[in-house]
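Per chain, numbering begins at 1; letters A, B, ... match sequence-line order.
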There are 2 protein chains.
Amino acid sequence: MTTNKPDLDRSDWIAGLEKGIRIIEAFNDAHPRLTPSTAARRTGITRTAARRYLLTLQHLGYVESDGRLFWLTPRVLRLGWSYFDSAKLPRAVQPHLQRISVALGGATFFAVLDEDEVMFVARDGSSLVQNVGYVLGARISANLSAAGIAMLACLSDDEVDRWIAGRRFIQYSPYTTTTVEGVLECIRKARHLGYALLEQQLAMSVRGIAVPIRNREGKILGAISVSLHMGTETPEHAVARALPLLREAEYALLSTF
Amino acid sequence: MTTNKPDLDRSDWIAGLEKGIRIIEAFNDAHPRLTPSTAARRTGITRTAARRYLLTLQHLGYVESDGRLFWLTPRVLRLGWSYFDSAKLPRAVQPHLQRISVALGGATFFAVLDEDEVMFVARDGSSLVQNVGYVLGARISANLSAAGIAMLACLSDDEVDRWIAGRRFIQYSPYTTTTVEGVLECIRKARHLGYALLEQQLAMSVRGIAVPIRNREGKILGAISVSLHMGTETPEHAVARALPLLREAEYALLSTF
DNA sequence: CTGCAGCGCGCGATTATCGATCATAACCTC
DNA sequence: GAGGTTATGATCGATAATCGCGCGCTGCAG
């Protein structure tokens with residue numbers, strides 16, 4: 001239960017903190033409201049303990065309850081805000097996103113790898129896909145977004161193999177690549193070109209172009225992507241329009257970090 | 001230290017969870033990186049304990065460290081995402097924000113009251129103010145945003161008095177209202193009109209118009225606001241343009257919740 | 001009517017968390 | 001460059017905070 005990470009601490013390990021976080025993360029689309037029992041089942045904590053954690057969160061204002069069900073309040077956004085307020089990176093990226101989305105008429109994103117998924121950290125412009133407005137913190141399988149492919153392309157073969165191991169590719173659109181070889185080919189291509197181009201993986205008629213963002217030591221900090229309507233534009237033309245702007249942001253950030 | 005909230009629990013109170021959250025929230029713009037000692041001072045936790053919490057967060061991946069300093073990782077956004085993924089409200093609001101920002105050419109926000117500040121929960125469109133892209137979770141004093149005034153206008157006189165008590169109004173622009181009477185007048189006007197109109201409180205040449213969002217029982221869920229460049233447009237004209245769209249969203253949400 | 005499942009609550013056991021303390025390292029200040 | 005000051009990681013008992021079993025209750029469904 002206490003998933004002591006590889007490099008183990010003796011026991012400066014606050015079990016209560018881990019469990020509390022697990023409780024918060026137990027809420028999602030499919031489980032917007034939890035009873036102590038359900039929360040316990042979803043987190044592997046005992047029912048009595050889960051109830052204690054929920055009550056604590058309630059008194060802290062992070063959770064509300066009608067006495068039976070518990071649900072998250074907007075206050076949990078404070079935690080995410082602590083990151084935005086403290087981290088230089090998203091703040092440095094934002095003006096670039098703004099510039100690119102205005103110039104290209106698409107939605108731009110800054111994403112990072114979180115565990116083996118892509119997580120969206122910053123955004124500008126209106127989303128092309130209906131109802132996808134508040135993607136900050138959202139995570140999807142890395143192969144589904146251009147930003148994810150751009151970052152995977154920066155990993156070594158071993159790391160890619162490890163990423164791909166035991167992964168199942170879900171079909172989101174008729175054009176989603178769902179074979180290991182297909183995804184590998186896509187990564188190889190991105191590695192060769194130095195940018196990623198993805199079409200209709202997640203939604204129809206949407207094309208994504210992304211470049212990885214590194215710091216001076218070469219460490220991957222994330223990726224900037226732009227989503228464009230495909231329309232009648234050729235891939236080559238879209239890349240020709242988008243890539244210079246993405247590269248400009250890439251170089252500007254490279255020299256900053 | 002253990003701020004047992006008014007209605008006390010016997011002791012289903014997980015101290016570790018509260019402290020861990022306090023540690024996360026100790027990071028901000030002025031303190032992007034913390035040592036165990038600084039974290040301890042900022043949170044009121046002892047140094048040894050603060051170090052334990054930071055190490056725990058590190059092993060959970062929410063914090064990174066170079067051995068001396070600790071800083072938050074984007075992973076904390078997961079927590080905010082739990083709210084977005086689970087709550088119906090921001091998801092229901094988003095399409096309206098999108099529609100309004102496209103129609104009016106401004107940035108739209110959905111905000112709630114968190115303690116006595118305004119917190120931004122959802123957004124659409126590009127910000128008018130430079131470098132303010134990732135406002136989700138950001139909090140400002142309620143009197144500085146139209147959304148805040150719109151919500152304050154829904155409170156009783158007693159509640160407004162309690163909100164205003166001991167509050168100091170900081171000057172952000174030459175036009176910021178910094179007197180108690182000025183802010184009260186602003187609230188009264190919004191209460192009378194049923195919407196809030198604010199100009200140049202936080203930034204020059206920006207005008208905000210907001211309406212409160214209630215549910216069927218009349219409880220305030222939040223407020224929708226739109227930020228517009230003032231330009232040469234009269235306030236009356238801006239209201240005439242914006243208010244119907246805001247009202248439309250208000251009624252749509254009223255019937256949903 | 002009668003199971004079943006979920007619920008709050010109390011209690012005793014234990015173990016996880018605390019913080020004083022120390023030696024060392026880093027940091028200023030002069 | 002040296003001495004004073006402060007921050008740091010590690011250790012270790014004491015203790016109180018957390019645990020989870022078990023009770024009796026409720027509400028729902030068969």
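Comparing B/A49 and A/T35 by the nucleotide of DNA chain C that holds the closest heavy atom to each, the one mapping nearer the 5' end is A/T35. Both A/P36 and A/G16 lie near DNA chain C, and the one whose nearest nucleotide falls closer to the 5' end is A/P36.
One cannot find a donor-acceptor pair under 3.5 Å joining the base of D/dG9 and the side-chain atoms of B/R52.
For C/dG8, the OP1/OP2 oxygens have a side-chain nitrogen or oxygen of A/R51 closer than 4.0 Å. Within the structure, every side-chain polar atom (N or O) of B/Y53 is placed at least 4.0 Å from both OP1 and OP2 of C/dA16. Of the side-chain N and O atoms in B/R47, none sit less than 4.0 angstrom from OP1 or OP2 of C/dC18. Within the 4.0 Å cut-off from OP1 or OP2 of C/dT17, not a single side-chain nitrogen or oxygen of B/K19 is found. Side-chain N/O atoms of A/T46 include one lying less than 4.0 angstrom from OP1 or OP2 on D/dG20.
With rounding to whole Å, B/E18 atom CD is found 13 Å from D/dA17 atom P. Atom CD1 in B/I23 sits roughly 14 Å away from atom P in C/dT17 (whole-Å rounding). Across the protein-nucleic acid pair, A/L17 atom CG and D/dA17 atom C1' stand 16 Å apart, rounded to whole Å.
Closest to the side chain of B/T48, from the set D/dT11, D/dT18, C/dG10, is D/dT11.
Here the side chains of A/R123 and A/L97 are not in contact, with every heavy-atom distance at 4.5 Å or above.
A salt bridge links A/R191 to A/D157: at least one charged side-chain nitrogen sits closer than 4.0 Å to a carboxylate oxygen.
Heavy atoms of B/R68 sit under 4.0 angstrom from primed sugar atoms or phosphate atoms, though from no base atom.
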